[in-house]
Amino acid sequence: MNKIKNTFRAGFVVAAGLVAMYSCTDTWDDHYNAPVQLDYEGTTMQAIEENASNFAKVIKAYGYERELTSDNIYTIWAPADDAFDVSKYIDENGNAIEDSTEVVTQFIKNHIARYARSVNGKNQDFNLMNEKRGSMSAEGKFGDASIAVSNIACKNGVLHIITEESPYSFNLFELIAKQYKDDTDEGKDTLSLYAFLYDEKVNKDSLIEDKSVSRGVDENGDKIWVDSFVMRNNTVLKNVDAKLYEEDSSFIAIIPSAKAWTERYKIAESLLVFNPFEDERAPGACDSLQRHYANMFAMSDLYFNRNANEHWQDSLKSTTYGGFSPWYEHVYYSKMPKNLPEDVEVNDILSKCGDPIECSNGIGYIVDEYPMSEYEQFFKKIKVSASSSTINKDLDKNGKAKFTKNTNDNFRTYSGTFYSTLIDTVENVVLDRKNINYRFTDIVPASGSANPVVGFDVPNTLSGTYDIYLVTCPIWMVSDYNNIPDSLLDIRPYRFYTTIFERDEDGEYPSSGLRLVNPIDLDEDGDSTNYFTTIDTLYDESGHRIVNDTTFLGTHKFKNAYYGRNDEGVVIQLQSQISSKLKDVYSREMLISSIILKPHGLKGEDVIITPGDAPATEAKMRKGTMLTNSNKRK
């Protein structure tokens with residue numbers, strides 16, 4: 001039997017491994033200048049069997065001993081026999097009792113590194129065989145574990161005996177798998193964050209052969225990999241810019257339990273009922289779209305890149321943000337930021353998540369309840385700007401404009417900078433002032449006698465209930481209003497009705513849509529289908545003309561979702577309703593800023609009429625807008 005010398009010199013390397021070590025690409029900060037001498041004539045595997053027999057039993061049970069008897073050079077930090085519970089890994093007969101991949105990655109490879117590394121009076125950092133970062137101190141510690149016996153030089157490496165098992169440091173992607181394994185919720189195999197991210201359809205890891213080690217071939221002629229290097233590639237996490245599996249990244253991740261995930265998924269699923277016409281174009285498309293987007297909605301805002309959140313104690317911007325949303329969406333605040341919209345909540349989500357879990361690439365929070373509402377996460381306000389090419393000119397079977405007609409072909413756009421003043425109307429106190437640049441589309445009749453009709457495409461609607469608002473600008477703003485006396489201002493209001501068109505199950509728009517009912521009946525003829533804008537010229541406390549411009553149109557529950565579809569599916573049409581005898585009272589020309597759809601709730605009737613009173617979720621009116629610059633036609 002090979003005997004180990006009683007004295008071990010720091011810095012010994014193995015003659016047989018010199019060529020291999022010098023030819024590798026690893027740095028040589030940890031190699032030594034001591035004379036070449038063999039301390040042990042056997043392999044590292046033989047040395048482990050004689051000095052750490054329990055660790056050797058685990059290595060054999062899980063088939064890793066072949067690599068430790070090869071010509072490759074390794075350093076092993078073997079836990080002493082009393083340093084860990086061997087029964088966790090093998091039974092009385094020495095057979096494996098746990099998942100082979102997990103034990104090899106999280107236990108065996110967690111104590112092995114490539115190349116020979118001796119305790120040499122220097123601090124050393126390196127990659128372990130499982131790609132985790134390892135360290136050995138100058139004083140002789142492997143991580144937090146003390147090295148009891150050091151520098152046992154073997155034919156193919158160096159062995160150290162440590163006094164305790166080195167704990168595995170999960171990365172955030174692995175923590176999701178660990179949480180799934182520990183979760184006792186029923187249904188976790190089909191509905192959970194793990195089931196979504198670890199699905200083989202999206203988790204497409206690939207073997208990097210030139211970084212892996214093979215030993216022969218099997219009966220089919222395929223290589224037998226004894227040490228495989230796998231490149232992680234999860235298409236879902238890549239798409240949301242959150243590669244939680246990369247060891248050199250730094251994230252904050254919220255990991256919901258299967259129960260919490262299922263509850264949020266079901267809410268998202270109810271809002272994603274797609275038009276059956278999708279199945280005509282691709283069989284099964286509706287169910288597929290619903291599952292995909294429901295999973296994506298449930299995962300939205302769970303990940304935060306710490307490198308992109310320099311001030312994360314004040315605000316957290318999720319990787320879902322992407323720079324395309326309004327600046328305050330997909331961002332969570334612990335402190336009130338300047339100019340945050342009044343209908344956006346301040347939500348310190350991490351304070352609701354419990355204790356943080358330190359991982360190798362960030363911090364994880366395992367939660368049984370989402371720290372943000374579905375309204376913050378995915379059921380959001382939709383704003384359709386009238387100046388952003390949203391006007392619908394779809395043609396009917398006769399080739400005529402279907403939703404937009406009796407208007408000039410070239411819609412005119414106004415823009416202007418207004419000094420917006422938010423006023424407490426009860427106390428008459430100025431709360432906030434800021435410069436805002438607004439754009440309005442001027443809907444001009446094709447002729448002096450025609451009532452214009454304009455339809456706006458509304459993208460990304462969900463199959464939920466929305467409160468619908470129209471933001472307009474008074475017609476007198478067409479002029480250089482700062483220099484015109486009140487007596488010469490055109491203060492005619494607008495008079496119109498609104499129709500919603502949604503595609504039917506054949507993918508076509510119906511000949512007539514659903515008419516929204518005016519919540520305030522101001523029509524002298526009792527026609528409650530008409531809407532009216534303000535006719536007053538208003539002033540703030542400083543005497544500036546102001547705009548009171550938000551009109552509540554009603555509440556509507558959309559039957560189908562059109563999220564992510566190229567054909568928007570929903571059209572909201574405004575039709576001026578002015579007879580010749582009323583043309584001097586009302587303006588056929590309309591200045592339209594935007595249409596706003598705000599989530600009303602997860603439940604609701606097809607149409608809810610609230611006479612004289614808008615819902616609690618009403619869009620905030622601009623209490624005061626000082627008009628500091630006149631608009632210019634473009």
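Judged by distance alone, the side chain of N460 and the main-chain N or O of I382 form no donor-acceptor pair under 3.5 Å. Counting only distance, with no hydrogens or angles, the side chain of Q290 and the backbone of E269 share a donor-acceptor pair below 3.5 Å. For the pair K380 (side chain) and E376 (backbone), a donor-acceptor distance under 3.5 Å is present. A side-chain donor-acceptor contact under 3.5 Å links N239 to the backbone of T235. N392 contributes no side-chain N or O that, together with a main-chain N or O of D457, makes up a donor-acceptor pair within less than 3.5 Å. Between the side chain of N234 and the backbone N or O of L237, at least one donor-acceptor pair lies under 3.5 Å. Checked by atom type and distance alone, the side chain of S593 never pairs as donor or acceptor with a backbone atom of T472 at under 3.5 Å.
Y303 pairs by the ring-ring contact (aromatic ring centres under 6.0 Å, His included) definition with nothing, not counting sequence neighbours. For S594, the side-chain contact (heavy atoms from CB on, under 4.5 Å) partners are K383, V471, I596, not counting sequence neighbours. When the side-chain contact (heavy atoms from CB on, under 4.5 Å) test is applied to A177, the partners found at least two apart in sequence or on another chain are Y194, Y198. Scored by the side chain to side chain donor-acceptor pair (under 3.5 Å) test, K238 finds N233 as partners (sequence neighbours excluded). In this view, K141 satisfies the side chain to side chain donor-acceptor pair (under 3.5 Å) rule with no residue, not counting sequence neighbours. Not counting sequence neighbours, Y328 has no partner by the ring-ring contact (aromatic ring centres under 6.0 Å, His included) test. Remark: S334 pairs with no residue by the side chain to side chain donor-acceptor pair (under 3.5 Å) rule, at least two apart or across chains. With sequence neighbours left out, the side chain to side chain donor-acceptor pair (under 3.5 Å) criterion links E278 to R281, R565. With sequence neighbours left out, Y333 forms a ring-ring contact (aromatic ring centres under 6.0 Å, His included) with no residue at all. Among residues two or more places apart in sequence or in another chain, the ring-ring contact (aromatic ring centres under 6.0 Å, His included) test is passed with Y265 by none.
Ion pair K178/D182 flagged as a salt bridge, since at least one NZ, NE, NH1 or NH2 atom sits closer than 4.0 Å to an Asp/Glu carboxylate oxygen. At a threshold of 4.0 Å, the pair K132-E174 counts as salt-bridged, since one of the basic side-chain nitrogens sits closer than that to a carboxylate oxygen.
Contact of the Y332 side chain with the L350 side chain is not registered, since no non-hydrogen atoms from C-beta on lie closer than 4.5 Å. K88 places none of its side-chain heavy atoms less than 4.5 Å from the side chain of E98. Side-chain atoms of L470 and L574, non-hydrogen and from C-beta on, do get closer than 4.5 Å to each other. F378 places none of its side-chain heavy atoms less than 4.5 Å from the side chain of L272. Within the 4.5 Å cutoff, the side chain of T319 has heavy atoms near those of the F251 side chain. Considering only heavy atoms from C-beta on, N560 comes within 4.5 Å of E502 through its side chain. Two residues are said to be in side-chain contact when any heavy atoms from C-beta on lie closer than 4.5 Å; M299 and N295 fail this criterion. Within the 4.5 Å cutoff, side-chain heavy atoms of P371 are placed close to those of C353.
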Using atom types as modelled, flag every donor-acceptor pair under 3.5 Å from a side chain in residues 101-108 to any protein atom, sequence neighbours excluded.
unit_1, atom_1, unit_2, atom_2, d
E102, OE1, K181, NZ, 3.1
T105, OG1, T101, O, 2.9

Listed pairs under 3.5 Å, donor-acceptor, residues 254-264 side chains, sequence neighbours left out:
unit_1, atom_1, unit_2, atom_2, d
S257, OG, A260, N, 3.2
S257, OG, D368, OD1, 3.3
K259, NZ, E263, OE2, 2.9
T262, OG1, A258, O, 2.8
R264, NH1, M372, O, 3.1
R264, NH1, Q377, OE1, 2.6
R264, NH2, M372, O, 3.0

Check the pair K317 / N305 against side chain to side chain donor-acceptor pair (under 3.5 Å), numbers first and verdict last. CA-CA 8 Å; K317 177 176 63 178; N305 188 330; over 6 Å; no
Test side-chain contact (heavy atoms from CB on, under 4.5 Å) on V236 and M296 and set out the steps. CA-CA 8 Å; V236 169; M296 292 298 293; 3.9 Å; yes
Begin from the C-alpha positions of T555 and D467 and carry the test side chain to side chain donor-acceptor pair (under 3.5 Å) through to its verdict. CA-CA 4 Å; T555 302; D467 298 323; 2.6 Å; yes
Using the rule given for side-chain contact (heavy atoms from CB on, under 4.5 Å), can you reason through V202 versus L197, listing the C-alpha separation, both sets of side-chain angles and the distance that settles it, and then say yes or no? CA-CA 7 Å; V202 300; L197 290 182; 5.6 Å; no
Before giving the answer on side-chain contact (heavy atoms from CB on, under 4.5 Å), spell out for S300 and H330 the whole-Å C-alpha distance, their side-chain angles and the decisive distance to 0.1 Å. CA-CA 8 Å; S300 176; H330 303 293; 3.8 Å; yes
Evaluation steps, side-chain contact (heavy atoms from CB on, under 4.5 Å), between H111 and E165: CA-CA 9 Å; H111 294 83; E165 175 184 352; 4.1 Å; yes
Working for side chain to side chain donor-acceptor pair (under 3.5 Å), residues N127 and R133: CA-CA 5 Å; N127 282 339; R133 293 297 293 169; 2.8 Å; yes
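Shortest non-hydrogen contact noted between S270 and V273 is O-CG2, 3.8 Å. The heavy-atom pair separating A561 from F274 by the smallest distance is O-CD2, 3.4 Å. Minimum heavy-atom separation, S192 to Y180: OG-CD1, 4.1 Å. Considering every non-hydrogen atom in both I592 and F456, the closest pair reads CG2-CZ, 4.0 Å. A145 approaches E164 most closely through the heavy-atom pair CB-CG, 3.5 Å. Considering every non-hydrogen atom in both E247 and N361, the closest pair reads O-CB, 3.8 Å.
A parallel orientation is assigned to the rings of F126 and F142, their planes being inclined by less than 30° (bins at 30° and 60°). Ring orientation note: the planes of F552 and Y469 are tilted relative to one another, at an angle of 30° to 60°. Ring-plane geometry between F379 and Y375 is classed as parallel, the angle between the planes falling under 30 degrees on a 0 to 90 degree scale with a further cut at 60.
Note that the OG atom of S250 and the CD1 atom of I363 stand 7.5 Å from one another [nearest 0.5 Å]. Here the CD1 atom belonging to I349 is positioned 8.5 Å from the CD1 atom belonging to I252, to the nearest 0.5 angstrom.
Ring centroid separation for the pair F558 and Y466 comes in under the 6.0 Å cut-off.
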